[in-house]
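Take a look at the structure below.
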Amino acid sequence: MPIDIDIAHVARLSRLDLSEEELESYRTQLGVILDHAAKVQELEGEPTQESEHPLGFVNAFRPDERRPSLDRSEVLEQAPESENGYFVVPPALETE
Amino acid sequence: MNLNELSIVEAGERLRSGATSASQILESVLERASHTEAQLHAYLTIDRERARESAARADADFADGIDKGPLQGIPFAVKDNLCTRGVETTASSQILAGYVPPYDATVVNKLKDGGAVIVGKTNLDEFAMGSSTENSAYGASYNPWDIGRIPGGSSGGSAAAVSAGSAIGALGSDTGGSIRQPAALTGIVGIKPTYGTVSRYGLIAFASSLDQIGPLSKSVEDAALTLEAIWGYDPLDATSYAGEYPDPLADLGKGVEGLKLGVVKELAGDGYEPAVEEAVADMEQKLAMAGAEVIEVSLPTFDIALSAYYLIAPAEASANLARFDGIRYGHRASGATTEALMARSRAEGFGPEVTRRILLGTYALSAGYYDAFYGQAQRVRSAIREDFARAYQQVDALVSPTSPTVAFAAGERTQNPLSMYLSDICTIPSNLAGHPALSLPIGLDADGLPIGFQIMAPALGETTLFRVAAEVERLAGFTARPRIEMVAS
């Protein structure tokens with residue numbers, strides 16, 4: 001029995017605007033893949049350690065120093081729309 | 001012999017003796033590409049102008065007695081998920097069509113500092129998600145040994161270029177086997193180094209805890225020389241290793257006498273082609289004759305490694321690919337609100353496999369399913385590391401096939417994602433553990449298709465890894481070349 005998924009909810013969380021047909025097709029495919037992936041539940045016993053960096057690193061720090069960033073105009077050249085040194089977006093909040 | 005067929009070591013000897021110039025080698029490689037590209041589609045971009053400039057610079061340096069190391073003057077292909085300043089970088093996705101990075105990846109800088117000549121950017125499965133290079137938004141690549149077959153993936157373009165001689169060396173990235181599997185399927189050498197040893201700065205991220213950059217090469221020594229040139233501590237990558245690095249060249253030619261090698265019991269049986277199993281068993285026997293102690297070892301968690309991978313990798317991908325929002329770079333659709341703009345841009349820009357993995361990863365991380373899927377997959381990952389650790393108490397390195405099959409036909413697995421995922425069953429465990437692993441060719445099947453042999457070693461075990469690989473290379477005596485016809489494009 002393939003796993004049943006609320007695919008519309010997952011697509012919304014993923015910020016993917018998919019059609020009804022696309023959603024249905026992904027729902028079926030994901031069910032089959034998750035069915036296989038559920039084999040992780042067959043693990044016998046518990047590992048003694050949590051997963052970590054293979055060389056045992058916990059964290060990496062660097063000195064808090066000022067250094068040059070990428071050139072702003074060069075970065076903004078790659079933006080679909082920019083103005084006065086800013087990225088341009090439609091309204092983020094709905095207005096009355 | 002044409003200059004494009006030289007290895008890095010052979011080309012280096014000729015460059016240093018003055019027998020040939022970097023410009024001559026580059027022209028030979030470009031000439032080869034002009035004949036093979038119509039059939040292989042290994043490259044997305046060939047940058048003739050810049051390549052000719054850097055070859056001329058390498059020649060000027062040689063003339064002035066400046067030697068930047070073994071890659072000086074060598075034509076290299078770079079996978080298109082590595083950022084190259086001023087040269088379009090798409091990761092084979094529509095969402096990055098036209099994207100020109102304002103910076104170079106650390107490995108690209110290192111190639112340039114070493115005097116290498118970057119020929120162009122190679123094709124891949126979109127965002128490195130795939131095992132055949134058929135998931136590219138710009139069209140598939142094909143295998144130089146049989147153009148009706150795929151070159152493997154996701155670094156299929158880099159593998160096809162090195163195999164066909166339209167590059168002398170290449171860089172790829174390996175998240176679940178994306179360097180080793182295409183190397184195996186195209187008859188060349190590919191290595192995924194220890195996690196943390198090659199900087200990921202400027203690599204377009206897929207699954208950050210698994211991604212590693214590495215070389216695809218014509219020989220084991222070429223791979224070792226390339227690795228030495230690209231690895232090292234980089235403060236721009238927070239997972240970069242700052243300690244002492246092994247010497248990949250130290251034990252080349254020492255043979256395998258006195259080494260203990262483990263044959264992985266779980267990487268055989270159902271789904272493995274008989275020709276692959278026979279070639280691998282034959283090599284194991286040769287290694288035993290050459291003085292290695294070869295024993296069978298069992299790593300039971302390998303049976304569920306693929307399942308863990310297909311939760312962890314998509315989970316990380318769903319987070320990494322959140323940055324493609326149609327606002328800062330890449331494809332932008334119109335939308336009345338920011339959220340609508342993002343959701344439409346992403347739906348239009350991502351191909352089906354990338355969409356599938358984002359959905360899968362989001363589901364595995366979502367409330368109510370997190371512990372059963374992602375959390376449990378992480379426990380499996382720890383258990384795999386513990387299995388490896390137990391095995392390495394007994395043996396110095398592990399051996400297996402690289403892929404259960406030889407190169408498969410184009411279109412054969414595109415309709416069934418799970419069958420495609422199974423091509424990576426032998427390579428995934430080393431990514432989950434963060435360990436180094438290498439593939440090299442050991443023979444051909446009855447249809448004349450290359451068979452790859454995988455060697456795995458513990459973290460920072462590259463000295464032993466290359467020692468075993470060099471002996472396998474000697475024992476295999478693999479000298480076959482792909483039979484691609486030269487067709488003028």
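As the structure is a prediction and not an experimental result, all values here were calculated from the model. The chains referred to below are lettered A, B, ... by the order of the sequence lines, with proteins before strands, and numbering in each begins at 1.
Defined by atom type and a distance below 3.5 Å, a donor-acceptor pair is present between the side-chain atoms of B:T89 and B:T84. B:S209 and B:R381 form a side-chain donor-acceptor contact under 3.5 Å, judged by distance and modelled atom types alone. Donor-acceptor pairing under 3.5 Å is recorded for the side chains of B:Q376 and B:R379.
When side chains are defined from C-beta on, B:C83 counts as touching B:Y103, because their heavy atoms get closer than 4.5 Å.
Annotation: maximal heavy-atom pairing with chain B below 4.5 Å, among A:D71, A:V75, A:V88, A:L34, occurs at A:L34. Between chain B and the options A:L18, A:V89, A:L70, A:I7, heavy-atom pairs under 4.5 Å are most frequent for A:V89. Chain B forms the most heavy-atom pairs under 4.5 Å with one residue out of A:E44, A:E22, A:K39, A:H9, and that residue is A:K39. Put simply, of A:S82, A:A79, A:S25, the one with the most heavy-atom pairs under 4.5 Å next to chain B is A:A79. Residue with the most contacts toward chain B among A:D6, A:N59, A:I33, A:L76: A:I33 (heavy-atom pairs, distance under 4.5 Å).
For A:D64, the CG atom counts as loosely surrounded, since its 6.0 Å shell holds 12 or fewer non-hydrogen atoms of other residues, nucleotides or ligands.
Proximity to chain A is limited to the side chain of B:P417, based on heavy atoms less than 4.5 angstrom apart. At a 4.5 Å heavy-atom cutoff, the contact between B:T301 and chain A is made by side-chain atoms alone. For chain A, no part of B:Y369 is nearby; none of its heavy atoms comes within less than 4.5 Å. Only the backbone of B:S240 comes within contact range of chain A, with at least one heavy atom under 4.5 Å from a heavy atom of that chain. Interface residue B:L236: only side-chain heavy atoms are found under 4.5 Å from chain A. Only the side chain of B:L311 comes within contact range of chain A, with at least one heavy atom under 4.5 Å from a heavy atom of that chain. With a threshold of 4.5 angstrom between heavy atoms, B:I327 approaches chain A through its backbone and through its side chain. Looking at B:A364, neither its backbone nor its side chain comes within 4.5 Å of chain A, counting heavy atoms on both sides. Within the 4.5 angstrom heavy-atom criterion, no atom of B:P300 approaches chain A. Heavy atoms of B:L360 lying under 4.5 Å from chain A belong to its backbone as well as its side chain. For a residue to count as touching a neighbouring chain, one of its non-hydrogen atoms must lie under 4.5 Å from one of that chain's; by this rule B:A433 touches chain A with the backbone only. Interface residue B:D303: only backbone heavy atoms are found under 4.5 Å from chain A. Residue contact with chain A, scored on non-hydrogen atoms closer than 4.5 Å, involves the backbone of B:A242 exclusively.
Applying the salt bridge (Lys or Arg N to Asp or Glu O under 4.0 Å) test to residues at least two apart or on different chains, the pairs with a partner in residues 94-104 of chain B are B:D104-B:K112. Applying the salt bridge (Lys or Arg N to Asp or Glu O under 4.0 Å) definition to pairs two or more places apart or across chains, those involving residues 233-243 of chain B are B:R200-B:D237.
Ion pairing between B:E126 and B:R357 fails under the 4.0 Å rule for side-chain N and carboxylate O.
Side-chain rings of B:Y310 and A:H36 stay apart, their centers remaining 6.0 Å or farther from each other.
Among B:D211, B:D174, B:T175, the single residue meeting the side-chain hydrogen bond (donor to acceptor under 3.5 Å, both in side chains) criterion with B:N431 is B:D174.
Using a 30° and 60° split on the angle between ring planes, B:F350 and B:F324 fall in the perpendicular class, above 60°.
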